[in-house]
**Q** 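Sharing a structure with you now.
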Amino acid sequence: MKRTEFLDKVANDTRAYVQSLIDETQRLGKMVAELEIERDHRVAREAMLQERLDAIETESRKYAERYVEVEQQNTNLANLYVASYQLNGTLDRERVIAAVQEIVINLIGSEELAIWEVEEELNALSLIGSFGIDADQWSAIPIGSGMIGKVAETGSRFVVDEALFAPEDREESLTACIPLKLDDKVVGVIGIFRLLQQKPGLEDVDYELFDLLGSHAASALFCTSLHSRWAEQMQ
Amino acid sequence: MKKKVLLVDDSNTVLLMEKMILAKGPYEIVIARDGAEAIVKAHSEQPDVILLDVVMPKLDGLSACAAIRQHETTAHIPIIMVTTRGEEHNIETAFRNGCTDYVTKPINGLELLAKLQNVLGAGMAKVSA
């Protein structure tokens, strides 16, 4: 091969090679542009999915919180239903007293309680049921004496959490004292002393139970008296 | 499929409360009123789980728990103790006697349902989902 022919061939081959490199660069450039577009789409889609995920998580948290609230309300309603059912399900005095004790122990959460009835002739409270306390010590309380006597006198309940400061005449470890009322007349009192160790304090439902006990226990005890009088007359 | 729950308590108030909490779920309820009856019903009913009170007449919950654990046909049944005594040593005694878990009184519905689902396992979670 002549020298000029060889040089021409090298020049042609070089041109063809450069052209192929330019074509390849253009092809790759196009691919990069397409990939960049695709990447941008992906980023946008990911952002959208993340947003949706966040929204779903927020909604899910809300539902979980709502579920807890509803379940708590269900438990509270169950507490009130059970208490009411137990108090009004019998005409036997001992069973009503036992029901009050069970409600305080199992639903409110105290194993130290006492139930007194007003003895009008003696102007005193007379113990009719108790659990976890020295019954002899609390067998009779003059109306107006101490916090329990005052509750019987005034008809206003005492709850330690509601008191702005601890009254001086409050009986030791008394957590709540609930007047049992028929219409507006106090016919008895329930005293709740120490709460169970695992119960840190009174909850909203406990106050509802106090109200329920205040009215339903009074009428339940009154009904048992009426029933026993009626039974005596029938004999 | 419903899971059979044996409720053991001498208190009507507690039994009624437990029944109301479990009423919404896929549970079949069986009741016993003392520890001795609990052992008999654990054998005859073969419940999926037992909710067992501690202080009961005839035979207390701790003794009943130990007896249920000792018998071959009932040893596998999960037992959740229901106790008013939340002190650590009481809980330890309950576990020593073979209980699977415990709840304290006053019963919290959410806590009880969560512990039931926990002892009944993943299958239960699917049923209730």
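These values consider heavy atoms only, across backbone and side chains, with no hydrogens, waters or symmetry-generated copies. Chain letters run A, B, ... following the sequence lines, proteins first and then strands; every chain starts at 1.
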**Q** In this structure, are over 12 heavy atoms from other groups packed under 6.0 Å from A/Asp204 atom CG?
**A**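 Not more than 12 within 6.0 Å, no.
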
**Q** Pick from B/Asn12, B/Leu112, B/Ile21: which one has the most heavy-atom pairs with chain A under 4.5 Å?
**A**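 Heavy-atom pair counts peak at B/Asn12.
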
**Q** Looking at A/Arg194, I want to see if its CZ is surrounded by more than 12 non-hydrogen atoms of other residues, nucleotides or ligands under 6.0 Å.
**A**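 No, the 6.0 Å shell around CZ holds no more than 12 heavy atoms from other groups.
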
**Q** What part of B/Ile107 gets within 4.5 angstrom of chain A, counting heavy atoms only: side chain, backbone, both, or neither?
**A**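 Backbone of B/Ile107 only, per the 4.5 Å heavy-atom cut-off to chain A.
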
**Q** Does any backbone or side-chain atom of B/Lys19 lie under 4.5 Å from a heavy atom of chain A? Answer side chain, backbone, both or neither.
**A**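 Neither part; nothing is under 4.5 Å.
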
**Q** Check whether more than 12 heavy atoms from other residues, nucleotides or ligands sit under 6.0 Å from atom CG of A/Asp54, and answer yes or no.
**A**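 Enclosed: over 12 neighbouring heavy atoms sit under 6.0 Å from CG of A/Asp54.
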
**Q** Please report the shortest heavy-atom distance between B/Lys105 and A/Leu196, naming the atom on each side.
**A**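 Taking B/Lys105 first and A/Leu196 second, the nearest heavy atoms are O-CD1, 3.4 Å.
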
**Q** Tell me whether A/Asp184 at atom CG has more than 12 heavy atoms from other residues, nucleotides or ligands lying less than 6.0 Å away.
**A**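 Count not over threshold, so no.
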
**Q** Please check if the number of heavy atoms outside A/His41 that lie under 6.0 Å from its NE2 is greater than 12.
**A**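 Counting other residues, nucleotides and ligands, NE2 of A/His41 stays at 12 neighbours or fewer.
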
**Q** With chain B as the partner, which of A/Ala78, A/Ala98, A/Gly89 has the greatest number of non-hydrogen pairs under 4.5 Å?
**A**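 So the answer, after comparing A/Ala78, A/Ala98, A/Gly89, is A/Ala78.
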
**Q** Check each atom of A/Asn74 against the heavy atoms of chain B and say whether the ones under 4.5 Å are side chain, backbone, both or neither.
**A**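 The answer is the side chain of A/Asn74.
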
**Q** Near A/Glu69 CD, under 6.0 Å, is it more than 12 heavy atoms from other residues, nucleotides or ligands?
**A**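 Check passes, neighbour count above 12.
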
**Q** Step through the shown structure and confirm whether more than 12 heavy atoms of other residues, nucleotides or ligands are within 6.0 Å of CD on A/Gln137.
**A**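 Yes, enclosed.
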
**Q** Find the distance between OG1 (B/Thr13) and OH (A/Tyr85) and round it off to the nearest 0.5 Å.
**A**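 Between atom OG1 of B/Thr13 and atom OH of A/Tyr85 there are 11.0 Å.
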
**Q** Could you state the interatomic distance from CE (B/Met17) to CD1 (A/Ile103), rounded to the nearest 0.5 Å?
**A**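 Answer rounded to 0.5 Å: 11.5 Å.
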
**Q** With a 4.5 angstrom heavy-atom cut-off, which part of A/Asn79 approaches chain B: side chain, backbone, both or neither?
**A**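 Both the backbone and the side chain of A/Asn79 come within 4.5 Å of chain B.
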
**Q** From B/Asn108 CG over to A/Asn76 CG, what is the distance, rounded to the nearest 0.5 angstrom?
**A**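 Taking CG in B/Asn108 and CG in A/Asn76, the distance rounds to 9.0 Å.
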
**Q** Going from CD on A/Gln101 to OG on B/Ser11, what distance comes out if it is rounded to the nearest 0.5 angstrom?
**A**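 These two atoms lie 11.0 Å from each other.
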
**Q** How long is the straight-line distance from NZ of A/Lys199 back to OG1 of B/Thr84, given to the nearest 0.5 Å?
**A**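 Rounded to the nearest 0.5 Å, the OG1-NZ separation comes out at 13.0 Å.
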
**Q** So, A/Gln198 side chain and B/Thr104 main chain: donor-acceptor pair closer than 3.5 Å or not?
**A**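 Looks like no, no N/O pair under 3.5 Å.
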
**Q** Is any side-chain heavy atom of B/Val14 closer than 4.5 Å to a side-chain heavy atom of A/Glu102?
**A**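 No; the side chains remain at least 4.5 Å from each other.
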
**Q** Counting only heavy atoms not in A/Tyr207 (residues, nucleotides, ligands), do more than 12 fall under 6.0 Å from its OH?
**A**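 Buried by this count: over 12 neighbours within 6.0 Å.
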
**Q** Is A/Leu77 in contact with chain B via its backbone, its side chain, both, or neither, using a 4.5 Å heavy-atom distance?
**A**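 Neither part.
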
